[in-house]
Amino acid sequence: MEGKTINNQIKKVLISEEQIQNRVSELAKEINRDYSGKKIHLVSILKGATIFASDLMRKLEVPVTIDFISVSSYGNSTESSGVVRIIKDLDHPIEGREILLVEDIVDTGLTLKYIQGILLAHKPKSLKTCVFLDKYERRQVDLKIDYTGFIIPNEFVVGYGLDFAERYRNLTFLGILKEDEYT
Ligand code: PRP
């Protein structure tokens with residue numbers, strides 16, 4: 001892998017930088033409208049969602065604060081283990097606040113289901129969920145998702161926060177990785 005250019009490792013651009021930025025603007029517009037007159041406390045799930053959350057929050061026009069939570073789910077593997085545990089908890093209480101949970105991708109749904117449960121147990125005033133990507137055909141549990149960037153096919157995608165073995169998060173587009181990079 002060493003020495004190859006990024007383009008040599010990407011089979012296809014699934015969603016371009018321009019498409020991503022346009023969609024993030026549309027989502028922000030919707031959120032600005034829905035939260036008009038309110039304050040939003042974003043909860044971003046580390047690490048994948050940080051890129052999406054930082055683009056999204058800069059397009060929000062209502063007062064906004066942010067906190068981060070980290071759980072384990074995949075490690076370096078491409079399959080969900082179903083094991084979810086908190087690695088980093090929230091820094092600030094969420095009771096009575098309007099919470100917008102921001103995630104990069106929902107796959108089986110196990111991670112998001114777990115985190116939504118934790119947050120609801122802390123009695124926020126409201127809880128909505130915004131995901132950049134939804135790999136809908138892989139879903140194993142029922143979930144309430146309020147804002148979705150893109151529904152995508154069951155391909156191994158990287159970029160815009162999503163990694164393979166911690167790499168590629170910095171790509172500005174969403175790409176499909178060549179199979180020989182991870183098989
Ligand atoms: C990814 C993603 C979600 C989860 C989705 O996280 O960010 O949290 O997997 O999968 P699921 O719906 O099957 O539970 P990952 O563990 O890869 O961590 P990362 O965000 O730090 O890359």
Side-chain angles (χ1 to χ4, degrees), residues 1 6 9-11 13-15 17 19-20 23-24 27 31 41-57 66-91 94 99-122 124 127-179 181-183:
M1 215 140 96
I6 276 173
Q9 297 150 6
I10 300 297
K11 189 163 72 177
V13 175
L14 190 63
I15 308 174
E17 178 175 1
Q19 287 173 306
I20 290 174
R23 187 68 188 121
V24 174
L27 289 172
I31 294 168
H41 187 57
L42 290 185
V43 171
S44 168
I45 305 173
L46 296 171
K47 309 177 188 120
T50 52
I51 307 286
F52 176 46
S54 67
D55 275 352
L56 183 69
M57 79 184 291
I66 190 165
D67 202 350
F68 299 91
I69 190 167
S70 181
V71 297
S72 71
S73 56
Y74 280 14
N76 276 352
S77 156
T78 56
E79 280 300 312
S80 177
S81 64
V83 177
V84 181
R85 74 191 163 91
I86 297 181
I87 295 171
K88 185 222 165 281
D89 210 342
L90 296 173
D91 291 337
I94 59 167
I99 305 301
L100 182 59
L101 180 59
V102 179
E103 178 58 307
D104 56 347
I105 185 166
V106 50
D107 187 333
T108 64
L110 294 168
T111 308
L112 214 43
K113 186 90 186 169
Y114 180 81
I115 294 177
Q116 286 179 339
I118 293 177
L119 298 186
L120 284 172
H122 286 90
L127 174 64
K128 286 190 174 188
T129 300
C130 177
V131 301
F132 173 55
L133 301 171
D134 187 349
K135 232 186 228 185
Y136 188 70
E137 62 194 81
R138 294 256 309 158
R139 188 81 85 261
Q140 287 178 16
V141 288
D142 266 345
L143 272 182
K144 177 177 162 289
I145 297 174
D146 303 278
Y147 307 97
T148 303
F150 300 92
I151 293 175
I152 58 162
N154 186 19
E155 298 270 10
F156 197 93
V157 288
V158 293
Y160 202 66
L162 286 92
D163 73 311
F164 169 65
E166 296 300 330
R167 297 187 58 197
Y168 309 108
R169 294 192 197 273
N170 58 324
L171 300 183
T172 55
F173 58 91
L174 191 79
I176 300 177
L177 200 60
K178 283 186 178 167
E179 279 87 354
E181 296 296 329
Y182 60 93
T183 51

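When a ligand or atom number is given, it counts from 1 through the structure's own listing order. Side chains are part of it too, since the values below use all heavy atoms of this structure and drop only hydrogens, waters and symmetry mates.
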Subset of ligand 1 atoms that lie under 4.0 Å from at least one heavy atom of [X]:
X	value
I105	2 (C), 3 (C), 5 (C)
G109	11 (P), 12 (O), 13 (O)
K47	19 (P), 20 (O), 21 (O)
L46	20 (O), 21 (O)
T108	11 (P), 12 (O), 13 (O), 14 (O)

At their closest point, which heavy atom of [X] faces which heavy atom of [Y], and how far apart are they?
X	Y	answer
D104	G161	OD2-O, 4.4 Å
D146	L127	OD2-O, 4.4 Å
F68	L46	CD2-CD2, 3.6 Å

Parallel, tilted or perpendicular: which one describes the rings of F52 and F132, with boundaries at 30° and 60°?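 Geometry flag for F132 against F52: tilted rings.
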Return yes when atom OH of Y136 has more than 12 non-hydrogen atoms of other residues, nucleotides or ligands closer than 6.0 Å, and no otherwise.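 Not buried by this count: 12 neighbours or fewer within 6.0 Å.
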Does CG belonging to D142 count more than 12 external heavy atoms closer than 6.0 Å?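 Not more than 12 within 6.0 Å, no.
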Interatomic distance, E137 atom CD to N154 atom CG [nearest 0.5 angstrom]: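 Going from the CD atom of E137 to the CG atom of N154 covers 5.0 Å.
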Side chain or backbone of [X] under 4.0 Å from ligand 1, or both, or neither, by non-hydrogen atoms?
X	result
R169	side chain
R138	neither
L162	neither

For atom 4 (C) of ligand 1, which candidate among D104, V71, T111, D107 holds the nearest heavy atom?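 It is T111 whose heavy atom sits nearest to atom 4 (C) of ligand 1.
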Give the intermediate values and the outcome of side-chain contact (heavy atoms from CB on, under 4.5 Å) for residues Y160 and L133. CA-CA 10 Å; Y160 202 66; L133 301 171; over 6 Å; no
Whether K135 lies under 4.0 Å from ligand 1, heavy atom: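 The answer is no, since K135 has no heavy atom less than 4.0 Å from ligand 1.
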Quick check on L112 - does any of its heavy atoms sit under 4.0 Å from an atom of ligand 1?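 It does not, in that no heavy atom of L112 comes within the 4.0 Å cut-off of ligand 1.
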Heteroatom distance test (G48, ligand 1): nitrogen or oxygen, under 3.5 angstrom: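 Yes, G48 has an N/O under 3.5 Å of an N/O on ligand 1.
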Looking at ligand 1, does any of its N/O atoms fall within less than 3.5 Å of an N/O of A49?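 In this structure, A49 places no N or O atom under 3.5 Å from an N or O of ligand 1.
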Are any non-hydrogen side-chain atoms of Q140 and K113 less than 4.5 angstrom apart?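 No, every pair of side-chain atoms sits at 4.5 Å or beyond.
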